[in-house]
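Along the sequence shown, residues carry numbers from 1.
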Amino acid sequence: DTVKAQIEQTLEAHPIVLYLKGTPDFPQCGFSHRVAEILKTLDVSFHAVDVLEDEAVRSGIKDFGRWPTIPQLYVRGVLLGGCDIVCQLYENGELEGQLRAAMN
């Protein structure tokens, strides 16, 4: 499956990947905006994929991660979660450590 291979290739190439609606600078939904802002606040380098640019990726990432919503944050190829989980990890202080570890 081409989309699955494309997603796997992206996750292999980048330690932190955010699949979102829009871009980090111009998110197209509030949930994508929230997660992008958290990553910017933590000043971590991440690769962003705008799912609105490709319907196959938009539906493919939901199947790939077995997660029904966008955004989706992947760290070292593993789905960390969507907006609620990322916000929760950020608020309890766990997110920054996981992201810093992934960058090393």
Side-chain angles (χ1 to χ4, degrees):
D1 179 41
T2 316
V3 174
K4 185 179 180 209
Q6 180 183 343
I7 291 168
E8 287 170 344
Q9 191 174 20
T10 299
L11 295 178
E12 230 173 81
H14 307 280
I16 302 169
V17 180
L18 177 61
Y19 285 85
L20 74 161
K21 293 177 181 173
T23 66
D25 293 328
F26 297 101
Q28 299 298 309
C29 85
F31 300 111
S32 292
H33 178 262
R34 226 141 117 222
V35 174
E37 285 304 305
I38 287 171
L39 296 177
K40 288 183 199 174
T41 299
L42 294 175
D43 195 29
V44 293
S45 175
F46 65 98
H47 180 75
V49 178
D50 180 358
V51 300
L52 298 178
E53 288 183 348
D54 188 338
E55 182 56 43
V57 171
R58 184 178 180 174
S59 61
I61 195 63
K62 292 176 183 181
D63 294 337
F64 183 86
R66 294 188 188 95
W67 195 261
T69 58
I70 307 287
Q72 292 184 19
L73 180 63
Y74 286 80
V75 178
R76 292 260 172 236
V78 177
L79 176 62
L80 199 60
C83 184
D84 290 346
I85 291 171
V86 171
C87 288
Q88 186 178 9
L89 290 170
Y90 174 66
E91 287 163 14
N92 71 21
E94 291 177 45
L95 182 64
E96 185 171 12
Q98 291 185 35
L99 297 177
R100 300 262 176 252
M103 292 167 52
N104 293 330

- Message: So for atom CG, which belongs to Asp84, do other residues, nucleotides or ligands contribute more than 12 heavy atoms lying within a distance under 6.0 Å?
- Response: no
- Note on the structure: Value for CZ (Arg100) from CG (Leu95), rounded to nearest 0.5 Å, stands at 9.5 Å
- Item | Shortest non-hydrogen contact between Ala102 and Val75, atoms and distance | CB-CG1, 3.3 Å
- Query: Does any non-hydrogen side-chain atom of Glu12 lie less than 4.5 Å from one of Gln9?
  - Reply: no
- Message: For a 4.5 angstrom cut-off between non-hydrogen side-chain atoms, does Leu42 reach Tyr90?
- Response: yes
- Shortest non-hydrogen contact from Arg58 toward Ile70: O-CD1, 4.2 Å
- Task: Evaluate whether atom CD of Gln88 has more than 12 neighbouring non-hydrogen atoms of other residues, nucleotides or ligands under 6.0 angstrom away.
- Result: no
- Can you tell if the side chain of Val3 reaches within under 4.5 Å of the side chain of Asp63, non-hydrogen atoms only? no
- Item | Reported CG-to-CG distance for the pair Asn104 and Leu99, which is rounded to 0.5 angstrom | 11.0 Å
- Note on the structure: Taking every heavy atom of Leu52 against every heavy atom of Asp50, the minimum-distance pair comes out as N-OD1, 2.8 Å
- Query: Can you find a pair of side-chain heavy atoms, one from Gln98 and one from Ile16, that are under 4.5 Å apart?
  - Reply: no
- Could you give the distance from CZ (Arg66) to CD (Gln72), rounded to the nearest 0.5 Å? 12.0 Å
- Task: Could you check if a side-chain atom of Ile85 sits within less than 4.5 angstrom of a side-chain atom of Trp67, using non-hydrogen atoms only?
- Result: yes
- Query: What do you reckon, is NZ of Lys4 surrounded by more than 12 foreign heavy atoms closer than 6.0 Å?
  - Reply: no
- Would you say Cys87 and Ile38 make side-chain contact, with heavy atoms under 4.5 Å? yes
- Measuring from Tyr19:OH to His47:NE2, what's the distance to the nearest 0.5 Å? 7.0 Å
- Hey, is Arg34 close enough to Glu37 for a salt bridge, meaning N to O under 4.0 Å? no
- Task: May I ask you to test the Thr69-Phe31 pair for a side-chain heavy-atom distance under 4.5 Å?
- Result: no
- Could you tell me whether the side chain of Val49 reaches within less than 4.5 Å of the side chain of Thr10, counting heavy atoms only? yes
- Item | Pairwise distance CD1(Ile61) to CG(Leu11) - rounded to 0.5 angstrom | 6.0 Å
- Task: To the nearest 0.5 Å, tell me how far Arg76 CZ sits from Met103 CE.
- Result: 10.0 Å
- Item | Minimum-distance pair of heavy atoms, taken over all atoms of Ala36 and Pro24 | CB-CA, 4.0 Å
- Task: Provide the closest heavy-atom pair for Leu79 versus Gly65 in the form atom of the first, atom of the second, distance.
- Result: CD2-O, 3.5 Å
- Note on the structure: Residues Val35 and Pro71: closest non-hydrogen pair is CG2-CG, 3.8 Å
- Item | Ser32 side chain vs Pro27 backbone, donor-acceptor pair below 3.5 Å | no
- Message: Below 30° counts as parallel, above 60° as perpendicular, anything between as tilted: where do the rings of Phe64 and Tyr74 land?
- Response: tilted
